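Presented below is the structure to which this report refers.
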Amino acid sequence: MKLSLYQESRIGGRSYNQDRQVIAHSREAVMLVVADGMGGHLQGEVAAQITIDLMSELFYQQATPSLSHPNRFLVNAISSTHQAILDYAADHRLPEIPSTTVVAAIIQQGMLHWCHVGDSRLYLLDGKQGMRLRSRDHSQVQRLIDQGKLTEEGARTHPERNKIYNCLGATTDPDIDIGEKQLLQPGCSVLLCTDGLWSQISDSEMEKVFIGRAVGQVMPALMNVAERRAGSNGDNLSAVAVTLLDDGAELAGKPDTLDTMVTPPRYAGRQILDPNLELMHQEILGSKPD
């Protein structure tokens, strides 16, 4: 599998970054995960860090080199992550349970498998036909939109636009929204991002800029626009994205590309911004991080 890759996380107007994201791969499968931590300093980061660490570890254990049941893997991995967050909070007697959104995707055998909890989004964009798919947020404003009481434009400034009703780390089990699998062809792009990005970019803008372009040509500009529009009070903004390339594409010397049959399995990106979380990583996985 040959891919163009993009991955970036920016702090925006906040004093610290609670977003986490990862791209992991075997020879026959690629996993993308984005988590947007919620709550006070460190707490949201803890939940988001547990999410990407544990899901990546489970992926490498089970993608040998492909996953026998990708949807089942995603549901089980997210459920395990939720429990790990609860266990971590109990073991460390935290005053509140850390929580996070998660959106995750598996690309394998030309198919996209995906699911999400919360309001971090997945977009599937066709290089010729535009936007084929966008996940539906687990948020109060999305409920109002579904009921016909609010427009997409009105949701951008609604006072409850940041309230979600489904996350990892809640006292009740998360409702894992399993998306319908999608056939991928060369030129298709898959984007996972936090609300710091999508809240500033309309669907029509997203669709327009991806036509005929790969993620490396599009995403830096989208991140710049979103960060500028949000201004000094903007949220963290993070994204991982891939464009499926033709099997015959020549990648030698091209940055930000991946041939899964050539590059050894690895974390394509793992971000830790606090030394306390580095210690947490070792505790969760029982070993030092890569």
Side-chain angles (χ1 to χ4, degrees), residues 1-10 19 21-26 28-36 52 59 70 74 102-116 119-137 177 179-227 237-251 254-261 263 268-269:
M1 190 183 339
K2 295 182 178 181
L3 301 165
S4 174
L5 303 178
Y6 175 85
Q7 177 176 341
E8 187 176 3
S9 183
R10 300 185 186 181
D19 290 354
Q21 70 286 322
V22 70
I23 303 174
H25 76 89
S26 67
E28 297 181 8
V30 173
M31 181 180 72
L32 298 83
V33 183
V34 166
D36 183 353
I52 64 161
F59 175 82
L74 288 172
V102 64
V103 56
I106 299 289
I107 300 173
Q108 178 177 287
Q109 297 175 344
M111 301 296 295
L112 170 68
H113 308 263
W114 63 282
C115 61
H116 78 293
D119 67 349
S120 292
R121 286 186 180 178
L122 178 143
Y123 295 85
L124 173 57
L125 301 122
D126 189 296
K128 296 180 180 179
Q129 300 176 13
M131 189 179 298
R132 283 174 44 188
L133 172 70
R134 194 206 83 187
S135 59
R136 300 184 69 79
D137 308 328
D177 197 340
E180 183 178 353
K181 66 181 182 180
Q182 301 286 324
L183 176 66
L184 298 181
Q185 297 175 333
C188 287
S189 295
V190 179
L191 164 64
L192 280 62
C193 64
T194 60
D195 62 337
L197 175 61
W198 65 252
S199 65
Q200 304 299 322
I201 306 294
S202 69
D203 286 359
S204 60
E205 289 175 317
M206 190 80 74
E207 183 174 51
K208 182 178 180 180
V209 297
F210 269 96
I211 294 178
R213 298 183 180 94
V215 294
Q217 299 169 290
V218 173
M219 291 305 304
L222 279 185
M223 293 284 280
N224 289 340
V225 169
E227 189 170 30
L237 59 163
S238 304
V240 294
V242 300
T243 300
L244 188 64
L245 304 177
D246 188 88
D247 288 340
E250 179 56 56
L251 303 186
K254 293 184 178 180
D256 301 321
T257 58
L258 169 68
D259 184 342
T260 62
M261 298 299 292
T263 306

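Bear in mind the structure is a predicted one, so any value in this text is a computation, not a measurement.
- Nearest heavy atom pair, residue Q200 against residue A226, reads CG-O, 3.5 Å.
- Scanning both residues, T263 and H25, for their nearest heavy atoms gives O-CE1, 3.1 Å.
- To the nearest 0.5 Å, atoms CE (M206) and CG (L222) are separated by 6.0 Å.
- The shortest distance between side-chain heavy atoms of L244 and M1 falls below 4.5 Å.
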side-chain contact (heavy atoms from CB on, under 4.5 Å) between K128 and I211, worked out: CA-CA 6 Å; K128 296 180 180 179; I211 294 178; over 6 Å; no

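- Under the 4.5 Å side-chain criterion, counting only non-hydrogen atoms from C-beta, L125 is not in contact with R213.
- A donor-acceptor pair is defined here as one N or O able to donate and one able to accept, closer than 3.5 Å; no such pair exists between the side chain of E227 and the backbone of N224.
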Audit row: I23, V30, side-chain contact (heavy atoms from CB on, under 4.5 Å) steps and yes/no: CA-CA 7 Å; I23 303 174; V30 173; 4.1 Å; yes

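- Between C193 and V34 the shortest heavy-atom distance is C-CG1, 4.1 Å.
- At a threshold of 4.5 Å between non-hydrogen side-chain atoms, the residues W198 and D119 count as touching.
- Between the side chain of K2 and the main chain of L251, no donor-acceptor pair closer than 3.5 Å is present.
- Remark: the D19 side chain and the S9 side chain contain no N/O donor-acceptor pair separated by less than 3.5 Å.
- Between I106 and P70, the shortest heavy-atom contact is CG2-CB, 4.2 Å.
- The environment of D246 atom CG is dense: over 12 non-hydrogen atoms of other residues, nucleotides or ligands sit within 6.0 angstrom.
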V33 and L192: CA distance, side-chain angles, deciding distance, side-chain contact (heavy atoms from CB on, under 4.5 Å) verdict: CA-CA 7 Å; V33 183; L192 280 62; 5.6 Å; no

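- Counting only distance, with no hydrogens or angles, the side chain of S238 and the backbone of T194 share no donor-acceptor pair below 3.5 Å.
- Across all non-hydrogen atoms, the minimal contact from D126 to C188 is OD2-SG, 4.0 Å.
- For the side-chain contact (heavy atoms from CB on, under 4.5 Å) criterion with V242, the lone passing option out of I107, T257, V215 is I107.
- A distance-only check finds a donor-acceptor pair linking the side chain of Q182 to the backbone of E180 [under 3.5 Å].
- Remark: side-chain polar atoms of S135 are paired, donor with acceptor, to backbone N or O of L122 under 3.5 angstrom.
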Residues R10, M223; criterion side-chain contact (heavy atoms from CB on, under 4.5 Å); working and verdict: CA-CA 9 Å; R10 300 185 186 181; M223 293 284 280; 3.6 Å; yes

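- H116 contributes no side-chain N or O that, together with a main-chain N or O of D137, makes up a donor-acceptor pair within less than 3.5 Å.
- A heavy-atom distance below 4.5 Å is found between the side chains of Y123 and D203.
- The heavy-atom pair separating T260 from S26 by the smallest distance is CB-O, 3.4 Å.
- Applying the side chain to side chain donor-acceptor pair (under 3.5 Å) criterion to S189, with sequence neighbours excluded, gives T243.
- Side-chain N or O atoms of E207 include one that pairs as donor or acceptor with a backbone N or O of M131 at under 3.5 Å.
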